[in-house]
Amino acid sequence: MHYKPSEIEPKWQKKWNEEKTFSYNGKNSGKKKYYILEMFPYPSGKLHMGHVRNYSIGDVVARYHFRKGFDVLHPMGWDAFGLPAENAAIENKIPPARWTYSNIEAMRERFRQLGFSYDWDREIATCSPEYYRWEQRFFIEMFNKDLVYKKKNEVNWCPQCNTVLANEQVEDGVCWRHGTPVTKKKIEQWYFKITEYAQELLETLNDMPGWPDHVKDMQRNWIGKSTGTYIDFKFEGRDENVTVFTTRPDTLMGVTFASMAVEHPMAAEIIERSPQKEEMNEFVGEVKKLHENMRDDAYEKKGVFTGEYLIHPVSEEKIPLYFANFVLADYGTGVVMAVPAHDQRDFEFATKYGLPVKVVIRPEDGEFFEPLKEAYTEPGVMVNSGRFNGLLSEKGKEAVSNHLVETGCGKTGVNYRLRDWGISRQRFWGTPIPMINCEKCGTVPEKVENLPVKLPEDVDFSGSTSPLKDMLEFYETECPVCGNKAKRETDTMDTFVESSWYHMKYCDPHSENEPFSRFEVDHSMPVDKYIGGVEHAVMHLLYTRFFTKVLCDLGYVSFREPVKDLLTQGMVCMETYSVNGEYLYPEEVAFENGLYRQIGTGREVKVGRVEKMSKSKKNVVDPVKLIGKYGADTARLFVLFASPPEKDLEWSEEGVEGCSRFLNRVWNIVTANIDIIKGSKEITEPPASKGRDLWAKTHETIKKVSDDIERFHFNTAISAIMELVNASYKFELCTDETKDVLAEALRSVILLLNPFAPHITEELAEMCGMPAVAKQKMPEVNKRALEKSEILIVVQVNGKVRDRLMLPADISTEDVEKEVRSRDYSRFLKSGEIKKLIYVPGKLVNVVG
RNA sequence: GCAGAAGUGGUGGAAUUGGUAGACACGCAAGACUAAGGAUCUUGUGCCUGUAAUGGGUGUGGGGGUUCGAGUCCCCCCUUCUGCACCA
C-alpha cells in the first residue's frame with residue numbers, strides 16, 4: 001500500500017466541503033471565538049508560491065484553534081476590483097465581470113486543492129453589488145460628516161494604469177504595481193480625510209503589542225508627525241502674510257532669507273508682478289520638470305530671487321524671498337525660513353548665492369570655528385539673539401514660540417507628513433463613487449435608497465480610458481435634490497477602499513438591510529491573527545485602521561482597531577536564469593556537469609541573484625505542478641518547514657523532496673503498524689523501562705508542538721514531529737506494553753501533524769480506526785511522562801564543558817557538590833584547586849579555580 | 001542621511017529566561033538490500049589536530065567589555081536586506 005496523495009487528497013477535500021467541517025457559528029455559538037484571517041487575494045486565476053505560503057500559515061493556525069475548541073472564523077474571499085480585469089477586457093474583448101468571475105471559479109478550485117479550512121459559506125467578492133453597495137453608503141455618510149471632499153490638486157499619475165495613484169502607492173517615484181515612472185498631473189479628485197485621524201493612528205500604535213515593531217515604525221514614519229511652530233512673515237510693503245513651519249524656532253534670529261516652493265499657491269501672483277517674469281517662469285518650468293521625474297535624487301540646490309522681501313517678525317529686518325527647487329509644496333506650508341548656519345540645505349543654498357550665514361546657536365562647551373564649513377545642527381546655547389541669548393536651544397524653542405504667540409505672529413502646532421487619501425480612480429472596474437453633479441445644486445450624494453449605483457456589466461472596451469465616461473445610460477441621471485437633469489460621477493474608488501473593511505463583512509456576509517449586523521461584528525472582531533505580506537505594512541494596514549475608526553464614528557462598530565495580532569510573512573524567492581538578458585523559466589534550465597544550460601539549445605545560462613518570485617523575471621514555480629507531483633500536504637509542509645514565517649524563503653527542490661520523504665516515512669510506519677494501533681490499550685501507568693523513553697518522547701513532542709504553534713515556530717514544531725517519527729523507527733517491540741507505547745507515539749504523530757498535513761493524517765487515522773482528526777482535540781500532555789528519575793548534569797570547568805553526569809533527579813545541592821568534588825578535574829584547573837562551585841539546579845555545575 | 005531587521009557548518013535553519021552551540025532537514029561519504037538504483041534502510045558528517053580515547057585545541061561577521069559562564073546583555077566597527085528620504 002503506497003502513499004498516493006492524488007487519491008486521498010480529493011477524498012478529504014470533498015468530505016470537508018460536504019460536511020461543512022469548518023463553519024463558524026458566531027455570537028450564539030457559546031464558544032470562545034478565534035478570528036484568523038489571511039489577506040485575501042486578487043483573483044488573477046492563478047496561484048503563486050506566495051499564496052501557498054500565506055494560506056498554509058493561516059491554515060495551521062486555524063486548524064490548531066479548531067482543535068483547541070474555539071469557534072474559529074476562517075473566511076476567504078476576493079479582492080476582485082482592479083486593473084488586470086480591465087486590461088484583459090481590452091486585450092481579449094471579455095467584459096471585466098466575466099473575466100473576474102471565471103477567475104474566481106478557477107482560483108477557488110486551487111484553494112480547495114490545497115485543503116484549506118475555510119468557511120466557504122462566507123465567501124465574498126468585492127466586485128459584487130451586494131458588497132460595494134455598502135461601501136457607497138459609507139462614502140455618502142462620510143461625505144455628510146465632512147470626512148470626504150473634492151479638490152483639484154497636483155497628483156501622481158501612472159501612465160500605465162491611466163489613473164491617479166495615492167502617495168502610498170508611489171514607491172521611489174515609480175508605480176508600486178508597474179514600476180513605471182509616475183508623472184504629475186493636475187486633476188480634480190475625491191479625498192478621504194485620513195489626516196483628521198493622524199494623531200489617533202499614531203498614538204494607538206503604542207497600544208498594539210501584537211504588531212511587529214518594524215511595521216509600527218513604518219507607519220510612524222509614514223505619518224511623520226513633527227512638533228514645531230508656525231510663524232507668520234509679512235511681505236514688505238504689502239498687507240499680506242506668508243506662514244512657515246519650523247521645528248527649530250530657536251534659530252529664528254538666524255534667518256537670513258526664505259525659500260518658497262514653486263508650486264506654492266502664491267507663486268503665480270508673485271511671478272505676475274515681477275519684472276523678471278520670464279526668468280522666473282523658466283525656473284519654475286525647470287523645477288516642475290525635475291519634480292515630475294522624481295527618480296532623480298540628489299540634485300543641485302538652485303533658486304531664484306523673487307524680488308520681494310519679508311519682514312522678520314522679531315528683528316523687523318528685510319528678508320529676501322527665493323523660489324527654491326528643494327522646497328516641497330506639500331510638506332509644511334510650502335515655505336521655509338532659511339537658517340543657513342543651522343540647516344545644511346540652507347547652508348548649501350546660501351553658499352551658492354552668497355547669502356549671509358548668521359550663527360545663533362553655539363555648542364555648550366567645546367570648540368567652534370567660524371566661518372562654518374557646514375551647518376551646525378546640534379542643540380546648544382543661543383547667541384546673537386537679543387533677549388534670548390544664553391538660553392539652551394530646548395528652552396529657546398519654547399521662549400521664541402511663546403514670544404511669537406504673544407505678539408500675534410505665530411502659533412505652536414504639529415505637522416504631519418501624511419496626506420489625505422486620494423481615492424478617485426479614472427477607471428471602470430471599481431466601485432462607482434455615488435455622487436452626482438447638478439448645475440443648480442452642485443455636487444450632491446445619490447439617495448441612499450437608490451444604492452447601489454451599479455457598474456454596467458456588458459461593456460465595450462475599445463479605447464484606453466474608462467468606458468463609463470462615454471456611457472450616457474450610466475452618467476445621465478437626475479439630481480436627488482432638485483430633480484433636474486444631472487451628471488453622475490464617472491470615477492471609481494481606489495480598490496484599497498474595499499480591502500479596508502472586508503474583514504468586517506465576513507462576520508455577517510449575507511445581511512441585506514445593513515452592511516453587517518453590529519451584534520455579530522462586535523462579537524467576531526477584532527481579527528485575532530492577521531497574516532499577509534510586509535508589502536502592505538503602510539498602504540492597506542494604515543487604510544484599514546483608518547476605515548475602522550471611521551465606521552466606529554459612524555456608529556457601525558464599537559471598536560477602533562481592526563487587528564489584534566499581525567504576522568508579516570516573508571517573500572518566496574528564487575534565483576533567476578537568463579540567456580543574453582532574456583529570462584528563462586526554471587523548467588527551461590538543466591544542471592549538468594556543474595553548469596546550467598538551456599534545455600534544447602544547450603546554451604550556458606546566467607544564474608542571477610535570489611529574488612522574489614515574479615512573473616516578469618520568470619523565477620516562478622507553479623504550485624499546481626508541485627501539487628501534481630508531490631501532493632498538497634508536501635507543498636504545505638515544505639513552505640512551513642523550510643523557514644520561519646517572517647523570513648524570506650528561498651525555494652529549493654531538494655527541500656521539497658525531503659518533506660515528501662518524511663510524509664512517506666510517516667505513511668510507511670503507520671500502515672505497517674495498523675494492527676498494533678487498532679489493538680492497543682491506553683497507557684495509564686508509566687511503562688516499564690523498555691518503553692519509557694519513547695513514551696516520554698511522545699509527551700515531550702506533544703508539549704513542544706503545541707508551544708511552537710502558539711508562538712508561530714512551525715519549522716521547529718515539524719522538526720519535533722520528525723524526531724518522534726525517527727524515534728519510532730528505532731523503537732524495538734518486545735512486550736505488549738511496548739506495543740501500546742508505539743501505538744500512542746504513532747497516534748500522536750497523526751494528531752500533531754494534522755494541522756500541517758491534513759489529508760494524509762485523516763487518511764491514516766481512518767485506516768487505524770480513529771475518529772476524524774479535524775473533530776478531535778489536540779493531544780494532551782501527561783505530566784507524569786515528563787518526570788525523569790535521572791537527570792543529566794553538565795560539568796563545566798571555568799566555563800568549558802568537561803564532563804557529563806547522570807544523577808538522580810531528586811538529588812540535593814550538597815550531594816551534587818559532593819559528587820563533583822569526588823572527581824578529579826585538577827588538570828583543567830588553573831590554580832590546581834577548586835575555588836568555587838556554581839550549581840544551576842537540574843542543569844549544570846561550573847567548577848571555578 | 002534617518003529608521004528598522006538580520007549576520008550561526010557546504011546549504012535551509014535550531015538553541016523560548018545568560019547555562020551542553022549546530023536540533024531537524026538538505027547535501028555529501030561509507031555500508032546494507034538489489035539484476036540495477038535517482039527507491040528504501042543503517043551509520044558518519046563544524047573546523048584544526050591526534051593512527052588509541054569518554055583525547056586536545058578552536059568555533060556563532062570583526063574588535064572590546066560585563067559575568068563563574070555570552071550566539072544571547074553592553075559599547076565600537078563592518079556587511080546585507082527592507083522602508084522612508086532635500087520632511088523645514
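Just so we're on the same page: letters track the sequence lines, and every chain starts at 1.
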Sugar-phosphate only, base, or nothing, as touched by A:K835 at under 4.0 Å among non-hydrogen atoms: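 The residue A:K835 makes no contact with any strand.
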
Sugar-phosphate only, base, or nothing, as touched by A:R804 at under 4.0 Å among non-hydrogen atoms: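 Base contact - A:R804 has a heavy atom under 4.0 Å of at least one base atom.
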
Rounded interatomic separation in angstrom, taking CZ from A:F662 and P from B:C24: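 Distance check: A:F662 CZ to B:C24 P gives 13 Å.
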
Length of the CZ-C1' vector between A:R661 and B:A39, whole Å: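 Distance, rounded to whole Å: 10 Å.
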
To the side chain of [X], which of [options] is closest?
{"X": "A:I838", "options": "B:C68, B:G57, B:U40", "result": "B:C68"}
{"X": "A:T246", "options": "B:C84, B:U20, B:A88", "result": "B:A88"}
{"X": "A:K730", "options": "B:A21, B:U43, B:C68", "result": "B:U43"}
{"X": "A:E654", "options": "B:G83, B:U20, B:C26", "result": "B:C26"}
{"X": "A:D708", "options": "B:U16, B:G13, B:C87", "result": "B:U16"}
{"X": "A:V336", "options": "B:A88, B:A3, B:A25", "result": "B:A88"}
{"X": "A:R665", "options": "B:A88, B:U42, B:C68", "result": "B:U42"}

For [N], the Watson-Crick or wobble partner whose two distances fall under 3.5 Å:
{"N": "B:U40", "result": "B:A32"}
{"N": "B:G46", "result": "B:U58"}
{"N": "B:C2", "result": "B:G83"}

Base B:C68 paired with A:N846 side chain (donor-acceptor, <3.5 Å): yes

A:K704 vs B:A23: side-chain N/O to OP1/OP2 distance below 4.0 Å: no

Base orientation of B:G55, syn vs anti, 90° cut from 0: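 Base orientation: anti.
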
Short side-chain to backbone donor-acceptor contact, A:R636 and A:P755, under 3.5 Å: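 Flag set: sc A:R636 to bb A:P755 pair under 3.5 Å.
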
